[in-house]
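Here's the structure we're looking at; comments come further down.
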Amino acid sequence: MSRMPRIQIEDAIYYLMPTRDRDEPIFRDDEDYTLYLELLARYKNKLNFKLFAFCLAPNSINLLIEPSSSATISQIMHDLNPSYTKYFNRKYKRAGHLFQERYRVVLIEKAPNLLKMTAYIHLRPKLLHLTDDISSYKYTSFLTYLTEERRKPESEALNGVQNDKLNMIHEVAYVLGYLKDKSYQQFVNEMEAGEVEELNKVLEKEKVIGSADFRKEVESLVKGEREAQETARQPIPIEKPDILPQPMLIQIPKSASRPVSNVLIFAVSLCLIILSFIFSVFFTYTNILWMKDRIKQEISRKDVIIEQLETEKQKTEEELSKARLSLRLKVG
């Protein structure tokens with residue numbers, strides 16, 4: 001199957017891996033990771049999609065998402081990636097894209113693969129040789145799973161953004177429901193290295209993972225989507241009458257050839273004037289659309305800056321509160 005249209009299908013999850021546009025890190029420090037997670041939480045709440053697992057690494061992002069009926073995968077990535085790129089470019093004084101327009105996506109049958117896919121994503125730091133102990137790596141949802149399974153008030157010791165804002169409790173509980181006689185940590189630890197490597201190869205090669213019936217349903221939807229796109233591209237045929245009128249042959253005397261030539265010249269000049277007018281109107285209209293798009297971009301950039309300033313304001317107020325409390329304790 002060649003490049004697959006972005007289709008929506010029930011009982012399916014999407015493995016997403018945004019691809020870097022240049023050979024440079026996506027995250028350079030802890031602030032970058034935290035900001036991306038904050039954006040992920042914001043758009044999760046706004047677009048109402050389910051986030052079953054994630055892993056952020058210096059050079060890669062891995063997300064396991066089930067979109068809602070009101071937001072497609074394309075809408076989610078269109079909002080998430082540009083917002084982070086604006087922050088990244090502003091912070092590091094760079095320009096241009098950070099991610100490629102076409103991100104890697106694999107459509108997966110949900111029920112038989114959900115548990116294993118979350119484990120695979122949580123094992124990514126080990127697969128990338130970032131750590132030997134995945135429970136010590138902060139920027140995955142693995143710690144959220146362990147906390148929810150144990151149901152102890154130890155989430156404060158974990159990444160605050162994950163537990164407070166991403167609100168993955170319902171997704172985690174759904175995944176844990178697939179476990180039978182072992183804990184989630186035991187299930188993840190028991191996944192053999194060979195099994196992880198094989199799954200990694202399948203995800204790099206395949207665009208659809210699931211049973212034969214699932215793949216058949218996906219192929220049918222893809223075919224229908226492509227046919228609809230082809231139909232939309234085709235021009236509307238113009239109906240022609242069955243019998244065309246025969247042209248009338250008119251004998252023009254030689255003495256009348258000069259007036260006829262003048263009429264033709266006038267007609268051609270009029271057509272050129274009309275075409276020039278149409279071109280001017282089209283050019284003006286396209287310029288107006290371009291200016292409108294630029295204004296929207298500037299407004300969006302302003303909103304991001306305002307949100308950043310609000311975040312910094314909140315952090316400053318929290319630090320001031322802590323400082324006042326510390327001062328009161330010292331005075332007391």
Side-chain angles (χ1 to χ4, degrees), residues 3-19 21 26 33-56 60-88 97-111 113-114 117-118 121 140-141 144 161-175 203 207-210 214 217-218 220-222 224-226 228-229 232 293 296-297 299-304 306-308 311:
R3 193 163 106 173
M4 186 174 65
R6 304 304 194 207
I7 61 173
Q8 294 284 94
I9 184 171
E10 294 184 0
D11 297 323
I13 50 178
Y14 292 76
Y15 173 68
L16 302 170
M17 189 168 69
T19 308
D21 190 56
I26 300 173
Y33 288 101
T34 302
L35 191 280
Y36 189 89
L37 290 172
E38 289 177 352
L39 290 173
L40 186 60
R42 179 196 305 172
Y43 290 115
K44 180 178 183 292
N45 294 329
K46 177 182 177 182
L47 302 176
N48 195 32
F49 61 85
K50 294 178 181 179
L51 177 66
F52 286 104
F54 68 86
C55 174
L56 309 184
S60 65
I61 298 172
N62 295 268
L63 306 173
L64 192 63
I65 286 177
E66 181 179 4
S68 64
S69 58
S70 59
T72 64
I73 289 295
S74 297
Q75 289 174 309
I76 295 169
M77 302 309 290
H78 179 75
D79 286 349
L80 182 59
N81 287 347
S83 296
Y84 180 75
T85 299
K86 290 177 183 178
Y87 153 81
F88 193 87
H97 298 288
L98 181 61
F99 302 100
Q100 292 182 7
E101 183 179 356
R102 296 296 297 186
Y103 46 88
R104 175 70 179 164
V105 56
V106 182
L107 182 58
I108 304 172
E109 189 175 9
K110 183 178 177 181
N113 299 291
L114 179 59
M117 279 301 305
T118 64
I121 289 178
T140 73
S141 48
T144 306
V161 176
Q162 295 179 29
N163 291 280
D164 295 339
K165 296 183 179 181
L166 280 171
N167 190 21
M168 296 174 60
I169 294 176
H170 296 293
E171 292 96 317
V172 172
Y174 186 88
V175 174
L203 289 169
K207 292 182 175 65
V208 179
I209 297 176
F214 178 79
E217 181 182 0
V218 171
S220 177
L221 288 173
V222 170
E225 179 68 19
R226 285 178 174 160
Q229 292 176 359
D293 186 63
K296 286 182 178 180
Q297 291 179 2
I299 293 174
S300 177
R301 186 180 304 170
K302 179 181 177 182
D303 292 340
V304 172
I306 291 173
E307 290 174 359
Q308 290 295 320
T311 302

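Along the sequence shown, residues are numbered consecutively beginning with 1.
Residues Ile209 and Tyr15 have side chains not in contact (no heavy-atom distance under 4.5 Å, counting atoms from C-beta outward). No side-chain heavy atom of Phe88 sits under 4.5 Å from any side-chain heavy atom of Leu35. Side chains of Ile26 and Leu56 form no contact here, defined as non-hydrogen atoms less than 4.5 Å apart. Residues Leu114 and Met117 have side chains not in contact (no heavy-atom distance under 4.5 Å, counting atoms from C-beta outward). Phe49 places a side-chain heavy atom less than 4.5 Å from the side chain of Lys44. Between Lys110 and Tyr174 there is a side-chain heavy-atom pair separated by less than 4.5 Å. Annotation: side chain of Tyr103 is in contact with side chain of Ser74 (closest heavy-atom distance under 4.5 Å). Within the 4.5 Å cutoff, no side-chain heavy atoms of Ile108 are placed close to those of Phe214.
Between Arg104 and Lys207, the shortest heavy-atom contact is NH1-CG, 4.3 Å. The two residues Thr118 and Phe52 come nearest to each other via the heavy atoms CG2-O, 4.0 Å. Residues Thr19 and Arg102 come closest through the heavy atom pair OG1-O, 4.3 Å. Between Ile9 and Tyr14 the shortest heavy-atom distance is N-OH, 3.7 Å. Closest heavy-atom contact between Ala53 and Met168: N-CE, 4.1 Å. Residues Ile76 and Pro67 come closest through the heavy atom pair CD1-CB, 4.3 Å.
Atom CD1 of Ile61 sits about 6.5 Å away from atom CG of Asn81, to the nearest 0.5 Å. Glu171 contributes atom CD, which lies 10.0 Å from atom CD1 of Ile65 (distance to the nearest 0.5 angstrom).
With respect to Met17, the side chain to side chain contact (heavy atoms under 4.5 Å, CB included) criterion is satisfied by exactly one of Val106, Asn62, Val105: Asn62.
In this structure, a donor-acceptor pair under 3.5 Å is present between the side chains of Ser70 and Ser68.
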Pair Leu40-Leu63, side chain to side chain contact (heavy atoms under 4.5 Å, CB included): steps then yes or no: CA-CA 10 Å; Leu40 186 60; Leu63 306 173; 4.2 Å; yes
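Gln75 contributes a side-chain N or O that, together with a main-chain N or O of Thr72, makes up a donor-acceptor pair within less than 3.5 Å. With Thr85 contributing its side chain and His97 its backbone, the two residues share no donor-acceptor pair below 3.5 Å.
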